[in-house]
Structure formats: C-alpha cells, structure tokens
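Heads up: the structure comes next, in structure tokens.
Predicted, not measured: the structure shown is a model, and the values here were computed from it. Start at 1 and go down the list; that is how both ligands and their atoms are numbered. Excluded from the calculations below are hydrogen atoms, water molecules and symmetry mates; all remaining heavy atoms, backbone and side chain alike, are included.
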Amino acid sequence: METDKHCSATDILNLATGYWQSCALHTAVKLDIFTVLTHECECRSPAEVASLLECDRRGMGVLLDALAAMGLLEKNGNCYNVRKSVKRFLVTGSSEYLGNIIMHHHHLVDGWAQLDQAVRSGQPVAKRSHGEEQERASFQLGMFNLAMAIAPKVAEQIDLQGRRHLLDLGGGPGTYAIHFCQVNPGLRATIVDRPMTHNFADKAIHFFGLQDRIDFLGGDFTSAAIKGEYDVAWLSQVLHGYGPEECRRIIAGAVESLSPGGLIMVHEFFLNKTKDGPLFPALFSLNMLINNPGGRSYSEDEISAMLTENGVRNLKRLPFVGPNDSYVLCGTVS
Ligand SMILES: C[S@@+](CC[C@H](N)C(=O)[O-])C[C@H]1O[C@@H](n2cnc3c(N)ncnc32)[C@H](O)[C@@H]1O
C-alpha cells in the first residue's frame, strides 16, 4: 500500500509561488543581464547594470539580489557576477545557450495564467500579444537550444550504420538531422516542416556545413503525403502536438514513406502507464491544453499501440534518457 507522502504548508506555498523564480529568470534573459555581466566587466554594481541596460536602479538592485538568492549570480559587497557554471547556459553566443527556449517559456506565461479557461472549455486560450514573429523565432530557436543539448548524445547512441536517407518529420531547425548526419558519413537527411520554418533550418544546416546532405521540404504533413523514400524516420517532439487520431495518421504517413526494413523512431516526453507522472510530461499536457486544440503527452503504451497498428514491429525503448524524461521508442517496418 502506498504511504501518504507528507506535504507541509511550506510545500504548498512553494508550489504557489514557484512562478516567481521563473519570471525573475525570464526577465534576466530578456534584459540579457548575464551577457552584460560577463562581457562588459566581470563584476558590476546595480547602478552600473541599470545604467547599461537603461533600467531603474532600485528595480535592478532587487532583481540582482533575487538572482543571487536563486544561485545564478554571486554577490561580493555591492558587486555581482555570473556564477561560472551558469555562464555556458545563459550568456549569449555560448553553444549551450538556453536563452531562446527561456524566452519561449516567457511567451507561454500569460496563457498559463488563463489555464482555468482552458480547463473549462477544453480549448486553447485566446491569442496572446508578444508578436507572431518574435514568438515563432523564440520557439524555433528554443527547439534548437533544447535539441543542441540532446542531439549529440542521441546521435552517438543510435546505430544508423548502413542507413542512407533519414526523414526528420517536423524537424524544425533540423538539429537532429544535422547530428545524425555528422555521426553517419553515409547518411543524408530531409527535414519536413512548415514552410515558415525553412529559414531557421537553412541557417542551422549552413552553420554546420551540411547543405550538400540535408534538404528541406516545406508542407503540412497532416494534409499531404510525405514526398520521398526513406530508410529511417525520426519523429521528435511532434506527436504531442496532436490528438490520438491525428497521431495515428501521422505515424501511418511516416511508415508509408519507409522502404521495407525501415526504422521509425519516436522521441517524446512519455507518461507512465497511469499517466500521473513523471511530473514534466504531466505538466506538458497542460501546456498543450492551453496552446493546442488536441495535443497532449502520451504514454509509451499508447504510442506503441499506434506504431503496432501501423505495422511497426520489434518495438523497443532505447537506453537514452533526455532532460524532462524524454526517451526514444523505435521499431522496424517489414
Ligand atoms: C516541438 S517542434 C520539434 C522540432 C524538432 N523535431 C525537435 O525535436 O527539436 C515540432 C515541429 O513540428 C512542426 N510541425 C508540427 N505540425 C506540422 C505539420 N502539420 N506539418 C509540418 N510541420 C509540422 C512544427 O513546425 C515544429 O517545427
């Protein structure tokens, strides 16, 4: 029998104010405080940072203290600097920069404040106001930030020896296609995504010098057949954007594009069998409810059933585990 886990008033209050820390971090990234504190000078007073960023001195002072309390900055006297272990993630220009995905999370905040509406109606909440261009850029570059933390490890761990052509379905900026191609010299890849994603993918492909091996097909994969023939299909963080019926159709389309013996891989934040955990996939379902008409996190059993119905065999979970409990389920078609 499961024992009741002790929950104190402090635990509840910490849950209630958890977003304060998120908002402090979002603001520091939005104002680029970590970059200013690193590049301009190793240590700055609140008055100096406020002046450099055209902010109020009192406002900057309390923000810097809060960031120090959160363990992101160090304070010596009246001087603040960025903790060494933090710089690689929060200073602009670092290959491990997470600022774009943090800005994407910032753009989600006002939707989360309307969660009650989404729960009442079962529909996404009203459109918000950060500007379509800015939101799209943070989303795509944010996907790039996240995937850059995972793709090198995934590509090293997945055996694609002998495979020739990879479909990166809903590949966004193509981070995974890029890393699979880097690790497998005989492989080429096609990213299929919405046309508006093309320039993000182009930039990433050119940055890694892979324009001869990776191409981009713009289109909507829910309304048109996927062009081309592939021997690997990679679906990373795509299915959670759709309801179960659409997921079945998307998987059917991917399977259709594979030659016999083709490998299909699904990378998601998987829920457990009872869907009451792990925490991140469970909360991610709420994020989909707020922003998307049918999407949610799925359990491994649910995705396995969809793959099996579409003729995928030899299903297995790969040993890789990413941040936020993501992992990869794969199988082959006959
Ligand atoms: C959450 S992102 C994942 C990006 C990438 N696979 C990754 O893991 O980093 C989902 C991507 O799927 C694309 N997408 C979703 N539905 C699509 C559709 N119907 N047709 C084309 N692309 C779609 C989005 O534009 C977005 O780039």
For S236, the atoms of ligand 1 under 4.0 Å from one of its heavy atoms are 3 (C), 5 (C), 6 (N), 7 (C), 8 (O)

Nearest heavy atom to atom 4 (C) of ligand 1, choosing from G241, S326, G170, belongs to G170

Counting from 1 in the order shown, the ligand 1 atoms closer than 4.0 Å to a non-hydrogen atom of D220 are 18 (C), 19 (N), 20 (N)

Practice task
Over 60° means perpendicular and under 30° means parallel, so classify the ring planes of F270 and Y327, tilted if in between.
Solution key: tilted

Closest to atom 2 (S) of ligand 1 (heavy atoms only, candidates E268, Q140, M143, E246) is M143

Tell me which donor-acceptor pairs under 3.5 Å the side chains of residues 241-248 have, and how far apart each pair is, sequence neighbours excluded?
unit_1	atom_1	unit_2	atom_2	d
E245	OE2	R248	NH1	2.7
E246	OE1	G243	N	3.4
R248	NE	E309	OE1	3.0

Would you please determine whether P173 falls within less than 4.0 Å of ligand 1 on a heavy-atom basis? no

request  = Report yes or no: does T222 have a heavy atom closer than 4.0 Å to ligand 1?
outcome  = yes

Flag the pair F34 / L37 as yes when at least one side-chain heavy-atom distance between them is below 4.5 Å, and no otherwise.
no

shortest atom 21 (C) of ligand 1-to-protein heavy-atom contact is with G219 O, 3.2 Å

*Do Y80 and V49 have side-chain heavy atoms sitting under 4.5 Å apart?*
no

Looking only at heavy atoms, the pair that brings T175 and A147 closest together is CB-CB, 3.5 Å

TODO: Would you check whether L169 has a nitrogen or oxygen atom less than 3.5 angstrom from a nitrogen or oxygen atom of ligand 1?
DONE: no

Quick note on ligand 1: atoms under 4.0 Å from a heavy atom of G172 include exactly 27 (O)

Salt bridge check, E133 against R136: does any charged N sit closer than 4.0 Å to a carboxylate O? yes

For E74 and R83 the tightest heavy-atom approach is OE2-NH1, 3.2 Å

Worksheet item: ligand 1 and D168, any nitrogen or oxygen pair closer than 3.5 angstrom?
Response: no

Is any side-chain heavy atom of N310 less than 4.5 Å from a side-chain heavy atom of I264?
no

- Looking only at heavy atoms of W234, does any of them come nearer than 4.0 Å to an atom of ligand 1? no

Nearest heavy atom to atom 1 (C) of ligand 1, choosing from H267, Q237, M148, belongs to Q237

min-distance protein heavy atom vs atom 16 (N) of ligand 1 -> Y242 OH, 2.6 Å

of all protein heavy atoms, closest to atom 15 (C) of ligand 1 is R194 NH1, 3.5 Å

| request: Indicate yes or no: does an N/O atom of D193 lie under 3.5 Å from an N/O atom of ligand 1? | output: yes

Inset, instruction - Using a cut-off of 6.0 Å, state whether more than 12 heavy atoms not belonging to Q21 lie near its atom CD. - result: no

Among non-hydrogen protein atoms, atom 20 (N) of ligand 1 lies closest to F221 N, 3.1 Å

In this structure, CZ of F221 is separated from CZ of R194 (nearest 0.5 Å) by 7.0 Å

Residue pairs meeting side-chain hydrogen bond (donor to acceptor under 3.5 Å, both in side chains), one or both in residues 227-236, sequence neighbours left out, come to S236-H267

| field | Sub-4.0 Å heavy-atom approach of Y176 to ligand 1 | value | yes

